[in-house]
Amino acid sequence: MDNPIFKLEKVVQTRTGDTLGDFEGPLDLILFLLGKNKIAISDIPISLILEQYLAYLEQRQQMDLEVASEFITMAAHLMYIKTRMLLSLEDEEAQSEMDALIASLEERQRGDSYLKIKTLTERIGPMGEFGRDIVTRDPEPMERGKIYEYDQEPGDLVVALQEMLDRNHQTAVTPIHAFDEIVKHEPYPVENKAKEIIRRLKEGGITRFLLLFRGSRSRSELVATFMAVLELCKARVIRLAGGETDCTVDCDPAAPDTLS
Amino acid sequence: MDTMEMKDMESAIEGILFASGEPVAIDRICLAMELDKPTAEALLQKLGDCYAYERRGVRLVRMEDSYQLCSAPEYGERIRKAFEIRKMAKLSQPALEVLTIIAYYQPTTRAYVDQIRGVDSSYTVGLLLERHLIEECGRLQVPGRPRLYRTTQNFLRSFHLNSLEELPEMPGLEADGQLRLGDDGAVLDMEEPRA
Amino acid sequence: MDTMEMKDMESAIEGILFASGEPVAIDRICLAMELDKPTAEALLQKLGDCYAYERRGVRLVRMEDSYQLCSAPEYGERIRKAFEIRKMAKLSQPALEVLTIIAYYQPTTRAYVDQIRGVDSSYTVGLLLERHLIEECGRLQVPGRPRLYRTTQNFLRSFHLNSLEELPEMPGLEADGQLRLGDDGAVLDMEEPRA
């Protein structure tokens, strides 16, 4: 690897295409040298490259002059740039020569990328045959995006409660048993009253609103009856008609027997 | 036609049926496969039997002189689920709060949830109902007959719980599931005498 | 999980893929089937192998983390004949070049494609967009904010690639991007192209 032999004498034949690995021109050689020294195109150390470039040329015992002239011209060019740079650090002409060299190297490299791409298309192209021979199908009609899946930890509940407690510092919570008196010992559940009203209307037909309250034994029963009427109206089980003094109550015979 | 050819023919027909989302007329299959109708029908029969016998994810359905592939109904629930699932979502803080109250106090009303949270929870309750994390379970027998809510199976699954008994123990929750708060809002451990 | 359950799972996944028509993300399959990813992948592998081994009319293709059913390529001609559809045109050499550049350098800009090819590629880029082989994916944060392009799922499927990693290796692309010499002194590779 340290002293590879470059068959520059074969460059002519390369043009006809049988030894692709060889250097086709001076830029290839420079690119190779940059690569060997792990140097980016933009930071060419001209002295180093020039020395190595000349060293390779010297290794050539014999050269096809017609081809070698290209390499020798490049050597002269590199030497020219080097000289200018040695003479002055601020030499604009040398700098522009350098830029031109860099541009050519980049162009050369781009060409290489393009060559690689062309090689790759030869491999990728046939792979596309698969796509030309298959068919996919349309989805079956389907409702989408309706179910939400949650992934929570039981501890999230504890955290949520803590959050609420922190926030409601001032607010004492009424325990649910505070409702016990009302809920469990209600003598006239609205539910039952509602059933009673529906049965009465189904059996006896239309009646006067006030008649519903006849026979009520307590304030609590009156309230339950009134609540039941309101609930039944809301649920559209019964209908109220008329005015303040002659209000009647009616029920659809097909109405459900209970409120819920 | 030997077995190999038969198998290939069957597969080609499978390909044709697969590619079409709609029913395919048998004439069309005959034309494309250069087969007579009885042979095509025999192959289709074989294909359909194979799907059914091997309990595949697809079925062959015949409608008059047309054939169509469709997804197997026995996997319908799985299939629907695959398309209905939106994503692994996390519940918002308000949703978690409402859910916590309902989980520990169930069955309970929205008024009670509002009371504990100190804000109106009607939107959040609606959301939890829609996401099947809570459900209605009757009404409370008080004026206004408010709806009662409880948590669902889906709630247990979402929180990786096997039953409500596995709910984490809450600080300040007594055996009867009631929360005790002192005048300063601190959680009390001891049961207070009833008024 | 016993063999019966495995078979049922495989069939349910087949049903999901069939019903979808489109690529289905493996996460969705896991969620619907309540399976972990390795198990789901193993079942999908088994399903795909079975299609190929039994020379069925359908094939299972993977595109990164998504799976899709498609008709088997060997019956492509029969299928096209059945539905009187023409075979899709082959990609032209320029289109293939642009696609290759975008595939290897993605996400990349049209300017970069132009630079490598040395010609204007706007028409070809438009064509590839139209065929859903490439898609836009944001803009480069430089003056002019040029559009960035990448290849699509459709590209992977069309070129029968499970993932971008399966693209053929670029000739002469070594890990450190440096130039190599063979024993005969021939150049094996050049500096890595800039992304």
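Protein chains get the first letters and strands the later ones, always in sequence-line order, with residue 1 at the start of each.
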At under 4.5 Å between heavy atoms, what parts of residues 137-160 of chain C are in contact with chain A? List them by residue number. R157(C), S158(C), F159(C), H160(C)
Write out, in numerical order, the residues from residues 76-85 of chain C with a heavy atom short of 4.5 Å from a heavy atom in chain A. G76(C), I79(C), R80(C)
Select one option (side chain, backbone, both, neither) describing which atoms of [X] are under 4.5 Å from chain A's heavy atoms.
X: A89(C); answer: backbone
X: L133(C); answer: neither
X: E74(C); answer: neither
X: V61(C); answer: side chain
X: A72(C); answer: backbone
X: L99(C); answer: neither
X: Q68(C); answer: side chain

Sequence neighbours excluded, which residues qualify as ring-ring contact (aromatic ring centres under 6.0 Å, His included) partners of Y114(A)? none
Which residues pass the ring-ring contact (aromatic ring centres under 6.0 Å, His included) test with Y53(A), sequence neighbours left out? none
Enter the distance from [X]:[atom1] to [Y]:[atom2] here, rounded to the nearest 0.5 Å.
X: T121(A); Y: L91(C); atom1: OG1; atom2: CG; value: 11.0 Å
X: K116(A); Y: I116(C); atom1: NZ; atom2: CD1; value: 9.5 Å
X: Q93(C); Y: E122(A); atom1: CD; atom2: CD; value: 7.5 Å

Compare every heavy atom of [Y] with every heavy atom of [X], then report the nearest pair and how far apart it is.
X: L96(C); Y: G125(A); answer: CD2-CA, 3.4 Å
X: I117(A); Y: M170(C); answer: CD1-CE, 4.3 Å
X: S20(C); Y: P139(A); answer: O-CB, 3.1 Å

Should we say atom CD of E54(C) is surrounded by more than 12 heavy atoms from elsewhere, each under 6.0 Å from it? yes
Candidate pair D133(A) and K87(C), rule side-chain contact (heavy atoms from CB on, under 4.5 Å), full reasoning: CA-CA 8 Å; D133(A) 270 325; K87(C) 194 170 180 174; 3.7 Å; yes
Backbone of V135(A) reached by a side-chain donor or acceptor of S71(C) within 3.5 Å: yes
Counting heavy-atom pairs under 4.5 angstrom with chain C, the leader among T119(A), T136(A), L115(A), L120(A) is L120(A)
Answer yes or no: is there a side-chain heavy-atom contact under 4.5 Å between R137(A) and L69(C)? no
